[in-house]
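Notes follow once the structure below has been shown.
Just follow the structure's listing: the first ligand is 1, and inside any ligand the first atom is 1.
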Amino acid sequence: MAVSRIRLGLVGIGKIARDQHLPALAADDRFELVATASRNARLDDVPGYGDVAEMIAAVPDLDAVSLCTPPDGRYEQAAAAIDAGLHVMLEKPPTATLSEIFALAERARDKGVVLFTTWHSREAAGVDPARDWLRDKRIDAVRIAWREDIRRWHPGQEWILAAGGFGVFDPGINALSIATKILPDPLLLDSAWMDVPEGRAAPLAAGMAMRSGAAKVEVALDFLQTGPQTWDIEVDTDAGMLKLGMGGSILQLPGEAERKQPDREYPRLYARFAELVARGESDVDVRPLQIVADAFMLAERRVTEAFAF
Ligand code: NAP
């Protein structure tokens, strides 16, 4: 039996839409990109509209939307899509607040559509094998270091340092998405600090002390790292140290050679979305966002010198 393709509208045509979503969609014949919605950006070969409502009104046979806008403002876009009976895939972080994602989950359930909160770093090649290896180990300590250069990876993205932009937690939430997947026990926050540059709302650096079972979990986040970039998770266990490097793409197990595989994060996310749509099942995991919200509640805040891109 011929399976009809998912007719998808892509929303927010910026860096991640162009770098990852467009190539992943082009390579997956379960999807057909039929429209975009973005205030300014347009693609040459796909009909483009200024916002989600306009796109929904103009393209009556849409099946789904994938939102690649900044998190603040996504709630309204997702709600409009759900109300129109469309399945919704959300970039990370799914929404600007916890209440918004819980409300969307309920709305999607009531409407009978699929809601998928994606966490692309969980699809990095080393993450599933790391989780499997850790399953029968005693975990003694975890160190997470996520240090990158905001000017290199987020050039001119003023929204990222505004309220609802998450600051250094925009990349940092990727580390938390991996940690919540590979560690068997919940991650609980004990204390945190944040450095917020003068005149901005979101931090450029942060630290967290957490625990997971009996293990202490230390997190260091930095948005001003020039030179080598660091996206590492180290886990001390009774069988030696596991290390996930380069955002989860390189796995080093004790006594073994480094395992590295090509990046398939976004193809895997769209494959999963297609499966969820076929099964009529949502996948809404808020744990990484919950930890960030806890950090924003608990952190000691310091104002640091002003920052310009
Ligand atoms: P971006 O380059 O700024 O693109 C976002 C696009 O959304 C903009 O180009 C803009 O296009 C549209 N938009 C709609 N409302 C907006 C608003 N209020 N402020 C700014 N732009 C608005 O950002 P991005 O890097 O693609 O990030 C988007 C989302 O993807 C974020 O949640 C981020 O965490 C996630 N993500 C980013 C990366 C990365 O490496 N950059 C990686 C993975 C995930 P119009 O002007 O045409 O509306």
Side-chain angles (χ1 to χ4, degrees), residues 9-25 35-44 46-55 65-81 88-97 100-101 104 116-124 127 146-178 200-204 221 223 225 229 231 246-249 263-270 273 286 288-289 291-293 309:
L10 194 62
V11 183
I13 306 301
K15 187 171 188 314
I16 201 62
R18 292 182 193 276
D19 289 357
Q20 296 289 348
H21 289 254
L22 290 174
L25 283 165
T36 65
S38 212
R39 298 166 310 176
N40 305 294
R42 296 287 180 275
L43 301 179
D44 287 342
V46 182
Y49 304 91
D51 60 35
V52 173
E54 204 187 307
M55 177 175 73
V65 295
S66 178
L67 302 190
C68 311
T69 46
D72 193 20
R74 263 197 226 136
Y75 174 79
E76 286 72 19
Q77 298 158 352
V88 176
M89 170 163 153
L90 299 171
E91 253 299 351
K92 46 64 56 171
T95 44
T97 68
E100 286 180 345
I101 190 58
L104 287 180
F116 180 26
T117 55
T118 67
W119 300 104
H120 67 88
S121 292
R122 286 183 176 172
E123 305 303 328
V127 174
W146 233 246
R147 303 178 192 278
E148 67 176 55
D149 183 352
I150 185 174
R151 293 185 175 94
R152 179 164 160 198
W153 303 104
H154 307 274
Q157 290 181 356
E158 297 288 340
W159 63 264
I160 218 166
L161 293 176
F166 291 74
V168 75
F169 284 92
D170 176 86
I173 203 168
N174 295 334
L176 299 174
S177 75
I178 296 176
R200 305 275 187 172
L204 274 178
L221 309 177
F223 235 162
Q225 170 89 359
Q229 306 285 290
W231 300 283
M246 294 308 287
S249 64
D263 172 17
R264 300 267 313 144
E265 293 180 13
Y266 281 80
R268 286 176 54 141
L269 287 180
Y270 275 100
F273 188 40
V286 299
L289 185 63
I291 296 168
V292 173
F309 278 95

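Applying the side-chain hydrogen bond (donor to acceptor under 3.5 Å, both in side chains) rule to R74 yields no partners; only residues at least two apart in sequence or on another chain are considered. Every residue was checked against the side-chain hydrogen bond (donor to acceptor under 3.5 Å, both in side chains) condition with T118, not counting sequence neighbours, and none meets it. Every side-chain hydrogen bond (donor to acceptor under 3.5 Å, both in side chains) that W231 has, sequence neighbours left out, goes to E148.
No side-chain donor-acceptor contact under 3.5 Å links K92 to the backbone of P71.
Defined by atom type and a distance below 3.5 Å, a donor-acceptor pair is present between the side-chain atoms of E91 and H21.
Around ligand 1 you find G12, I13, G14, K15, I16, S38, R39, N40, A41, C68, T69, P70, P71, R74, E91, K92, P93, H120, Q157, W159, D170, Y266, each with a heavy-atom distance below 4.0 Å.
Side-chain contact between R42 and I13 is absent, with no heavy atoms from C-beta onward closer than 4.5 Å.
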